[in-house]
Asker: 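Shown below is the structure under consideration.
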Amino acid sequence: RWFTHFYVVSVLWNGFLLICLFQAEFLGGSLPSWIQHVHHAFGRDSQSGDMGNEHFSALLVLLLLWLHSCRRLAECLWTSVFSNGVIHIVQYCFGLGYYIAVGSTVLCQVPTNVRNGKELSVQICWYHIVGVMIYIWASLHQHRCLVILANLRKSKSGKVVSLSHSVPFGDWFERVSCPHYFAELLIYISMAITLGFHNMTWWSVVLYVLFNQALAAVLCHEFYQKNFSSYPKHRKAFIPFVF
């Protein structure tokens with residue numbers, strides 16, 4: 001249940017970054033000086049120009065990241081039913097730092113020395129449309145799967161009656177043990193697509209999410225197999241038909 005704290009931090013921090021970038025792009029302002037210093041530290045201000053709508057792509061991805069955090073926060077508060085499990089303090093601190101770093105990573109993909117108060121030229125490309133469509137598709141399925149998990153611990157009236165684990169069925173659960181983890185990976189892939197495929201920094205983030213979610217999925221899959229003798233044998237742990 002303390003994952004809720006991660007999304008509170010993400011909504012506040014990434015919302016702040018989104019406002020900063022929006023003001024810089026549409027209101028003729030500039031990014032805060034400390035953000036420009038971060039850009040300088042990573043060499044981003046050495047860029048000579050905007051390569052392939054980087055400004056609009058980053059703004060769109062930061063918006064998607066913020067919306068994702070808002071939805072996950074709402075699900076933690078009003079949908080999910082958490083057990084009495086605990087989280088390690090190291091994992092907790094890392095999680096807080098991660099959601100601060102991931103939004104900053106998006107912002108650092110924007111060159112700072114080419115704005116000069118000019119208005120943003122919004123050019124919607126095909127990869128923006130594809131990325132957003134995959135984002136919406138994956139987000140809808142992730143929400144459905146989280147509702148299925150929550151309903152396992154509720155009565156038909158919606159009252160929580162148990163905190164024990166049960167075998168989920170329906171939606172992507174018919175193919176994998178942890179479809180909500182798979183959907184999380186798809187959401188980050190959709191952001192990589194929205195950035196135009198070529199952004200290796202964000203693909204590194206996707207790679208981290210892949211290994212992180214895959215490990216959690218394998219542990220969960222093994223738990224199901226160990227504790228439920230009739231667990232469906234055709235289900236994979238993480239990726240349908242593959243892994």
Side-chain angles (χ1 to χ4, degrees), residues 1-4 6-7 10-11 61 64-83 85 87 91 95 98-99 102 130-156 158 160-194 202-203 205-243:
R1 64 170 63 89
W2 278 24
F3 270 61
T4 305
F6 299 163
Y7 300 117
S10 183
V11 168
V61 168
L64 295 179
L65 182 63
W66 182 74
L67 290 174
H68 176 61
S69 300
C70 289
R71 177 179 62 82
R72 291 294 294 117
L73 176 59
E75 289 166 344
C76 285
L77 293 175
W78 297 298
T79 301
S80 298
V81 180
F82 298 104
S83 65
I87 185 174
Q91 186 182 8
Y98 170 80
Y99 283 100
V102 73
V130 172
V132 171
M133 289 180 64
I134 295 176
Y135 172 89
I136 294 174
W137 176 62
S139 297
L140 287 174
H141 279 285
Q142 187 178 59
H143 176 71
R144 290 174 184 170
C145 292
L146 291 172
V147 169
I148 289 173
L149 287 175
N151 287 340
L152 292 175
R153 294 175 171 178
K154 296 179 181 179
S155 64
K156 292 184 178 180
V160 177
V161 294
S162 174
L163 294 180
S164 61
H165 293 278
S166 303
V167 178
F169 292 92
D171 204 77
W172 286 356
F173 279 109
E174 299 302 321
R175 295 297 178 186
V176 290
S177 297
C178 301
H180 47 308
Y181 295 158
F182 177 56
E184 185 81 2
L185 174 63
L186 291 178
I187 287 170
Y188 277 83
I189 290 176
S190 74
M191 295 180 191
I193 295 172
T194 304
W202 194 259
W203 281 112
V205 176
V206 172
L207 194 62
Y208 162 76
V209 173
L210 168 62
F211 286 114
N212 178 273
Q213 299 297 296
L215 175 60
V218 167
L219 294 175
C220 187
H221 185 67
E222 291 176 348
F223 172 86
Y224 280 129
Q225 291 179 322
K226 179 181 179 181
N227 290 276
F228 300 97
S229 58
S230 60
Y231 192 71
K233 297 184 181 301
H234 67 275
R235 287 190 191 179
K236 299 295 184 180
F238 183 42
I239 301 177
F241 308 107
V242 177
F243 174 70

Asker: If the condition is side-chain contact (heavy atoms from CB on, under 4.5 Å), which residues does Val130 pass it with, not counting sequence neighbours?
Answerer: Trp126, Ile134, Ile193
Asker: Roughly how far apart are Phe82 CZ and Leu149 CG, rounded to 0.5 Å?
Answerer: 10.5 Å
Asker: Atom CG in Leu146, atom CG in Asn151: separation rounded to 0.5 Å?
Answerer: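 Going from the CG atom of Leu146 to the CG atom of Asn151 covers 11.0 Å.
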Asker: Test your reading of the model: is there a side-chain donor-acceptor pair from Trp66 to the backbone of Val11, 3.5 Å cut-off?
Answerer: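 It does hold such a pair.
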Asker: So, using side-chain contact (heavy atoms from CB on, under 4.5 Å) as the criterion, who are the partners of Leu210 when residues are at least two apart?
Answerer: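 So Leu210 forms a side-chain contact (heavy atoms from CB on, under 4.5 Å) with Leu185, Leu207, Phe238.
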Asker: Treating Trp202 as the side-chain partner and Tyr188 as the backbone partner, does any N or O pair qualify as donor plus acceptor under 3.5 Å?
Answerer: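 Pair found, side chain donor or acceptor close to backbone of Tyr188.
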Asker: Does anything in residues 206-217 form a side-chain hydrogen bond (donor to acceptor under 3.5 Å, both in side chains)? List the pairs, not counting sequence neighbours.
Answerer: Tyr208-Asn212
Asker: Suppose we screen for side-chain contact (heavy atoms from CB on, under 4.5 Å). Which residues come up paired with Val242, at least two apart in sequence or across chains?
Answerer: Ile239
Asker: Tell me if a side-chain donor or acceptor on Arg153 pairs with a main-chain N or O of Val161 at a distance below 3.5 Å.
Answerer: no
Asker: Testing the basics here: between Ala217 and Ala237, what is the closest heavy-atom pair and its distance to 0.1 Å?
Answerer: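 What the structure gives for the nearest pair is CB-O, 3.7 Å.
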Asker: Check Ala214 against Phe243 and note the closest heavy-atom contact, atom names and distance.
Answerer: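 Answer, listing the atom of Ala214 first, then Phe243: CB-CE2, 4.0 Å.
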Asker: Minimum heavy-atom separation for Ile187 and Ser139, please, with both atom names.
Answerer: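 Minimum heavy-atom contact is CD1-OG, 3.7 Å.
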Asker: Output all residues satisfying side-chain hydrogen bond (donor to acceptor under 3.5 Å, both in side chains) with Ser155, sequence neighbours left out; order by chain, then residue number.
Answerer: Ser157
Asker: Answer yes if the side chains of Glu184 and His180 hold a donor-acceptor pair under 3.5 Å, and no otherwise.
Answerer: no
Asker: Taking all non-hydrogen atoms of both residues, which atom of Arg1 and which atom of Ser83 are closest, and how far apart?
Answerer: NH2-O, 3.1 Å
Asker: Using the ring pair (Phe, Tyr, Trp, His ring centres under 6.0 Å) criterion, which residues pair with Trp172? Sequence neighbours excluded.
Answerer: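 Scan of Trp172 (ring pair (Phe, Tyr, Trp, His ring centres under 6.0 Å), adjacent residues dropped) gives Trp137, His141, Phe182.
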Asker: Do Ser80 side-chain atoms and Cys76 backbone N/O form a donor-acceptor pair below 3.5 Å?
Answerer: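 It does not hold such a pair.
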Asker: Listed by chain and number, what are the ring pair (Phe, Tyr, Trp, His ring centres under 6.0 Å) partners of Trp203, not counting sequence neighbours?
Answerer: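 Trp203: no ring pair (Phe, Tyr, Trp, His ring centres under 6.0 Å) contacts found.
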Asker: In Å and rounded to the nearest 0.5 Å, what is the OG to CG distance from Ser10 to Leu73?
Answerer: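 Nearest 0.5 Å value for the OG-CG distance: 9.0 Å.
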Asker: Drop me the distance from Cys145's SG to Leu140's CG, to the nearest 0.5 angstrom.
Answerer: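 The SG atom of Cys145 sits 11.0 Å away from the CG atom of Leu140.
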Asker: With a 4.5 Å cut-off on side-chain heavy atoms, are Gln142 and His68 touching?
Answerer: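 They are in side-chain contact.
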Asker: Atom OH of Tyr224 and atom SG of Cys178: how far apart are they, to the nearest 0.5 Å?
Answerer: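 Output value for this atom pair is 6.5 Å.
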Asker: Testing the basics here: between Ala183 and Ala138, what is the closest heavy-atom pair and its distance to 0.1 Å?
Answerer: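 Closest approach of Ala183 to Ala138: CB-O, 3.6 Å.
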Asker: For Phe169, I'd like to know if atom CZ has over 12 heavy atoms of other residues, nucleotides or ligands within 6.0 Å.
Answerer: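 More than 12 heavy atoms, drawn from other residues, nucleotides or ligands, come within 6.0 Å of this atom.
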Asker: Apply side-chain hydrogen bond (donor to acceptor under 3.5 Å, both in side chains) to Tyr135 and list each qualifying residue two or more places apart in sequence or on a separate chain.
Answerer: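 Testing Tyr135 for side-chain hydrogen bond (donor to acceptor under 3.5 Å, both in side chains), a comparison that skips the adjacent residues, returns none.
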Asker: Could you tell me whether a side-chain N or O of Gln91 sits under 3.5 Å from a main-chain N or O of Ile87, the two making a donor and an acceptor?
Answerer: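 No, the answer is negative, given that no donor and acceptor are paired below the 3.5 Å cut-off.
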Asker: On a heavy-atom basis, which atom in Val81 and which in Ala150 lie closest, and how many Å separate them?
Answerer: CG2-O, 4.0 Å
Asker: State yes or no: are the ring centers of His165 and Phe228 separated by less than 6.0 Å?
Answerer: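 No - the distance between ring centres of His165 and Phe228 does not fall below the 6.0 Å cut-off.
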Asker: Return each pair, listed once, that meets side-chain hydrogen bond (donor to acceptor under 3.5 Å, both in side chains) where at least one residue sits in residues 232-242; pairs must be two or more places apart or across chains.
Answerer: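 Matches after skipping sequence neighbours: Tyr231-Arg235.
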Asker: List in chain and number order the residues that pass ring pair (Phe, Tyr, Trp, His ring centres under 6.0 Å) with Phe3, two or more places apart in sequence or in another chain; answer none if no residue qualifies.
Answerer: Phe6
Asker: Glu75: what forms a salt bridge (Lys or Arg N to Asp or Glu O under 4.0 Å) with it, not counting sequence neighbours?
Answerer: Arg71, Arg72
Asker: So, using side-chain contact (heavy atoms from CB on, under 4.5 Å) as the criterion, who are the partners of Ile148 when residues are at least two apart?
Answerer: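 Expected list: Pro168, Asp171, Phe173.
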